[in-house]
Amino acid sequence: MRLLVLGTGVMAKNQVANFLAIDGVEVVGAVDTDLARLTEFADHFHIEKRFRTLEEAIEWGEFDSATNVTPDRIHYATSLALIAAGKHVFCEKPLAEHYDHALEMTEAAEAAGVINMVNLTYRNVAPLQRAREMVLAGELGTIRHVEASYLQSWLVSRAWGDWRTESRWLWRLSTGHGSNGVLGDVGIHILDFAAYGAATDIDHVFARLKTFNKAPGGQIGEYLLDANDSFTMSVDFTNGALGVIHATRWATGHLNELKLRIYGEKGSLEVTHRPDGSDLRGCFGDDIESATWRDIEVPPVLTNYQRFAEAVRTGKQDDPTFRHAANLQKVIDLAIVSERERRELNLLAAQEQDSAPDKRIPPLTVVV
Ligand SMILES: NC(=O)c1ccc[n+]([C@@H]2O[C@H](COP(=O)([O-])OP(=O)(O)OC[C@H]3O[C@@H](n4cnc5c(N)ncnc54)[C@H](O)[C@@H]3O)[C@@H](O)[C@H]2O)c1
């Protein structure tokens, strides 16, 4: 795979370190509108071809795949340009700022027949994959209740850097700069974590979003800090279970922690992922009576990066697809409407009108 890196910021460093560890993957070019970042990045990874615009890179053309690691609002136009040039695209999450764009990107990629995947990073968490297998194998019986949380503390701590003094953090706090706040940023991760782990989809949503005042006048320079910092969501899953999903950047004491608890009639599972590792615990059989939880051994899994490289090599599409990420984007869009209108929204009623399984979530017409 001859890979182009589009956007050379924080996440691109992480991605390229992963891609370069895969046999057969070459990073052949890098693009960034910011010359200083581009130079530092390309020097660090010994990438010879450097471009200030995607158009120049496409004109050069000597790559077959691209990873799109630009800020959220840039994903749409740039991914469409890559798809139009016939390139396979690995796009960062969230796929787009809203469902309509995400759907357009999905349809363009499918029509062009290019491999399209979205970097829902927590698919790389082996205990999540094992939990899903156990649910699908019926080991938990009927699932009744699901709890999922994504906790970060970067609005409180300075462990990753300081948004008060470093402008690179500020687009994430501002809707005018293309952010849907914590909901759009890590909400998509925890929605995927919950639904993928519990092996089901979401069909009803009621959400509350909150933005806390963090600076004088709620603004730093050109950045109005109006994007949500915390959300809580109650959901119904298509398997009949009820769920609570929440995320915040104000979870003092939690740098980056995802937790999923799945409660079934025959047993329960708990997946935890933190920067220092992940684990899976379960309570089954006689242990249910004493509420005893035991660690479950989990084999390693392939990463999204490895699976994208393999999909490009074999020409066989793998998960998570653009279409899957677009469907999650629909839940995010509905959560925003739910907050605005303070009512529960039903995805399922509209889904039944279109029985094609891959098109079950409708365009942004809210059906209640
Ligand atoms: N999957 C994950 O776990 C994960 C983690 C962090 C970030 N992300 C996602 O990765 C993306 C990038 O985040 P980041 O933290 O690296 O941001 P960043 O701001 O550090 O880097 C983005 C880079 O893109 C460049 N850029 C902007 N517009 C461009 C354009 N038109 N063409 C080329 N380059 C352009 C910027 O100059 C910058 O260097 C975001 O979508 C974010 O949500 C995903």
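Note that ligands are numbered from 1 as they come in the structure, with each ligand's atoms numbered from 1 the same way.
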Exercise. Compute the shortest N/O to N/O distance between Pro94 and ligand 1 and return yes if it is under 3.5 Å, no if not.
Key: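 In this structure, Pro94 places no N or O atom under 3.5 Å from an N or O of ligand 1.
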Practice problem: Given salt bridge (Lys or Arg N to Asp or Glu O under 4.0 Å), test Asp43 with Arg50 step by step and report yes or no. | Solution: CA-CA 10 Å; Asp43 286 352; Arg50 300 155 190 210; 2.8 Å; yes
Self-check item: Leu347 vs Lys330 side-chain heavy atoms within contact, under 4.5 Å
Solution: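 Heavy-atom side-chain distance check passes, below 4.5 Å.
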So is [X] in contact with ligand 1, going by heavy-atom distances below 4.0 Å?
X      : answer
Arg168 : no
Tyr122 : no
Thr70  : yes
His189 : yes

Practice problem: Going by heavy-atom distance to atom 22 (C) of ligand 1, choose the closest among Ala81, Pro71, Ser167. | Solution: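 The residue whose heavy atom sits nearest atom 22 (C) of ligand 1 is Pro71.
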Quiz item: Which of the listed options, Asp32, Thr8, Thr33, holds the heavy atom that is closest to atom 29 (C) of ligand 1?
Solution: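 Heavy atom nearest to atom 29 (C) of ligand 1 belongs to Thr33.
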For ligand 1, which atoms, with element, lie under 4.0 Å from some heavy atom of [X]?
X      : answer
Asp34  : 37 (O)
Asn119 : 1 (N)
His75  : 41 (O)
Leu6   : 32 (N), 33 (C)
Gly9   : 16 (O), 20 (O), 21 (O), 23 (C), 39 (O)
Thr121 : 1 (N), 2 (C), 3 (O)

Contacts table for residues 240-258: side-chain donor-acceptor under 3.5 angstrom, sequence neighbours left out:
residue	atom	partner	partner atom	Å
Thr248	OG1	Ser230	OG	2.6
Thr248	OG1	Trp250	N	2.9
Arg249	NH1	Arg172	O	3.2
Arg249	NH2	Asp185	OD2	3.1
Trp250	NE1	Asp229	OD2	3.2
His254	ND1	Glu257	OE1	3.2
Asn256	OD1	Tyr150	OH	2.7
Asn256	OD1	Gln152	NE2	2.9
Asn256	ND2	Tyr122	OH	3.0
Asn256	ND2	Tyr150	OH	3.4
Glu257	OE1	Arg274	NE	2.8

Quiz item: Going by atom types alone, do Thr238 and Thr200 pair a side-chain donor with an acceptor below 3.5 Å?
Solution: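 Note: Thr238 and Thr200 side chains meet the donor-acceptor criterion.
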Quiz item: Strictly by modelled atom types, are Asn228 and Thr211 linked by a side-chain donor-acceptor pair under 3.5 Å?
Solution: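 There is no such pair between these side chains.
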Quiz prompt | Cationic N near anionic O, under 4.0 Å, Asp192 to Arg123 | solution =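 Salt bridge present between Asp192 and Arg123.
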Quiz prompt | Test: Arg37 and Asp32 ion pair at under 4.0 Å | solution = no
Quiz item: Applying a 4.0 Å heavy-atom criterion (strictly less than), which segment of Arg37 is in contact with ligand 1: side chain, backbone, both, or neither?
Solution: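 Under 4.0 Å from ligand 1, Arg37 contributes side-chain atoms alone.
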Exercise. Please work out whether any backbone atom (N, CA, C, O) or any side-chain heavy atom from C-beta onward of Arg52 is under 4.0 Å from ligand 1, and answer side chain, backbone, both or neither.
Key: neither
Starting from [atom], locate the nearest protein heavy atom and write down its residue, its atom name and how far away it is, to 0.1 Å.
atom                    : result
atom 44 (C) of ligand 1 : Glu92 OE1, 2.9 Å
atom 13 (O) of ligand 1 : Arg172 NH2, 3.9 Å
atom 17 (O) of ligand 1 : Trp171 CZ2, 4.1 Å
atom 20 (O) of ligand 1 : Val10 N, 3.0 Å

Quiz item: Any sub-3.5 Å donor-acceptor pair from Ser174's side-chain atoms to Trp171's backbone N or O?
Solution: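 No, the answer is negative, given that no donor and acceptor are paired below the 3.5 Å cut-off.
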Exercise. Examine distances only and state if a side-chain atom of Glu40 and a backbone atom of Ala36 form a donor-acceptor pair shorter than 3.5 Å.
Key: no
Donor-acceptor contacts under 3.5 Å from residues 130-139 side chains, at least two apart:
residue	atom	partner	partner atom	Å
Arg130	NH1	Glu133	OE1	2.9
Arg132	NH1	Tyr196	O	3.0

Quiz item: What is the ring orientation for Trp60 with Phe63, classed by angle as parallel under 30°, tilted 30 to 60°, or perpendicular over 60°?
Solution: parallel
Quiz item: Between Phe90 and Phe19, how do the two ring planes meet: parallel, tilted or perpendicular, split at 30° and 60°?
Solution: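 Perpendicular.
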